[in-house]
Amino acid sequence: MNTATLNPQKDPMGTAMYDFLLTGKAARLRVLSSMFDEDEIDVRYLFRTEEQMPKLERKALELARGHVLDVGAGTGCHALALQDRMPVTAIDISQLSQRVMQKRGVLDARCINLYDFRLEGTYDTILMLMNGTGIIGTMQNMSSFFARMRTLLAHDGQILIDSSDLKYLYEDEDGSCDIDIYGDYYGEVDYSMVYRDVKGEPFDWLYVDFNTLRAVAMANGFRCEQVMAGDHYDYLARLTIR
Ligand code: SAH
C-alpha cells in the first residue's frame with residue numbers, strides 16, 4: 001500500500017481548508033472525475049460542528065469509546081467533538097490538514113498515512129467518516145485494509161465507517177440497473193481536485209454498498225452490522241473482529 005503524505009503544492013483540499021481557516025472564506029474546491037460531471041465540495045462543510053453534522057456522523061460520535069483513531073481527519077471536526085470526553089488521535093496525509101487541526105486545538109493531530117507502520121497503537125474505536133470507505137480506494141485493497149485494521153484495533157475494538165451505495169446513479173426510470181456486472185465494482189471511482197492554481201494527483205475512491213462491505217468483512221474475519229441508514233443510500237456500519 002501507498003504510505004505517502006501530501007505536500008502543500010499538490011494538496012488542493014488542504015489549501016482550501018487552510019484558506020478558510022485564515023480568512024473565513026474559500027474559493028471553489030472542484031472535484032473532477034472521468035466518470036461524472038464536475039462537482040464541488042463546500043469548504044465550509046469540512047468545518048461543521050456536531051450540531052451541523054448529518055445524523056449518521058452524530059450517531060458515530062455517540063458510539064465512540066476508549067482511545068479513538070480518526071482516520072482522514074480533515075479539519076478535525078470529529079476529533080474536536082470527542083476529545084473532551086476521550087483521547088483522540090487524528091491522522092491525515094495532508095500536512096495542511098495537520099496544521100489546520102493544530103490551529104483549531106486538536107490535541108493529537110499527526111500527518112501520517114494510515115498504512116505507514118510508524119503509526120502504532122491499539123485503538124478502541126477507529127473512526128472513518130464522510131464516505132470513510134473512500135480511503136480504501138478499490139475493492140482490491142480490501143484485504144490489506146482489514147489486515148491493517150487488525151494491527152491497530154484492540155481485541156474488542158470497533159471501526160465506525162460510513163459509505164453509500166452508488167447504484168442510484170445507474171438506475172433507469174423503470175427501476176432497472178444499468179451496471180456491467182462483469183466490469184469493475186460500480187462504486188470504484190477516480191477523482192482529482194483543483195483549488196485555485198493547486199492541482200492534486202488523481203486518486204482512487206471507493207463507495208461500497210452495505211451487503212458487499214459485509215461480505216468482504218466476513219471473508220476477512222470481521223463482523224459487520226449496519227448501525228443506521230442515512231437519507232440517501234448511505235449508511236453507518238460498525239465492524240468488529242470476529
Ligand atoms: N473525515 C473528514 C475529512 C474527509 S475527506 C470529514 O469528515 O470532514 C478525507 C480525508 O482523508 C482527506 O483529508 C485526506 O487527506 C485524508 N486521507 C486520504 N487518504 C488517507 C490515508 N491513506 N491515510 C490518512 N488520511 C488519508
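Counting convention: from 1, in listed order, for ligands and their atoms alike. For reference, positions follow the sequence shown, starting with 1.
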Specify side chain, backbone, both or neither for [X], according to which of its non-hydrogen atoms lie closer than 4.0 Å to ligand 1.
X: Ser97; result: neither
X: Arg48; result: side chain
X: Asp92; result: both
X: His78; result: side chain

Closest approach of any protein heavy atom to [atom], naming residue and atom:
atom: atom 9 (C) of ligand 1; answer: Trp205 CH2, 4.0 Å
atom: atom 23 (N) of ligand 1; answer: Leu114 N, 3.0 Å
atom: atom 5 (S) of ligand 1; answer: Met13 CE, 3.8 Å
atom: atom 22 (N) of ligand 1; answer: Asn113 OD1, 3.1 Å

State plainly whether the residues Arg30 and Glu40 are in salt-bridge range, i.e. N to O under 4.0 Å. no

Find out whether Leu119 and Arg110 are in side-chain contact, i.e. whether some heavy atom of one side chain is under 4.5 Å from a heavy atom of the other. yes

Does the side chain of Trp205 reach to within under 4.5 Å of the side chain of Glu188, using non-hydrogen atoms? no

Short question: side chain of Thr3, backbone of Asn113 - any donor-acceptor pair under 3.5 Å? no

Using heavy-atom distances only, which candidate in Ile112, Ile93, Asp204 approaches atom 21 (C) of ligand 1 most closely? Ile93

Given Gly14, Gly137, Gly74, Gly72, identify the one with the heavy atom nearest to atom 1 (N) of ligand 1. Gly72

I need the single residue from Tyr207, Tyr168, Phe210 that forms a ring-ring contact (aromatic ring centres under 6.0 Å, His included) with Tyr233. Which is it?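 When Tyr207, Tyr168, Phe210 are each tested with Tyr233, the ring-ring contact (aromatic ring centres under 6.0 Å, His included) holds only for Tyr168.
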
In short, ring-ring contact (aromatic ring centres under 6.0 Å, His included) pairs touching residues 37-63 with sequence neighbours left out are Phe20-Phe47

Cation-pi check for Phe145 against Arg150: NZ or CZ below 6.0 Å from the six-membered ring centre and within 45 degrees of the axis, yes or no? no

Could an N or O of ligand 1 be found under 3.5 Å from any N or O of Ile91, whether backbone or side chain? no

Applying the side-chain hydrogen bond (donor to acceptor under 3.5 Å, both in side chains) test to His67, which of Asp124, Thr122, Thr89 qualifies?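 Testing each of Asp124, Thr122, Thr89 against His67, the sole residue satisfying side-chain hydrogen bond (donor to acceptor under 3.5 Å, both in side chains) is Thr89.
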
Can you list the atoms of ligand 1 that are under 4.0 Å from a heavy atom of Ala73?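 Those of ligand 1 that fall under 4.0 Å from Ala73 are 2 (C).
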
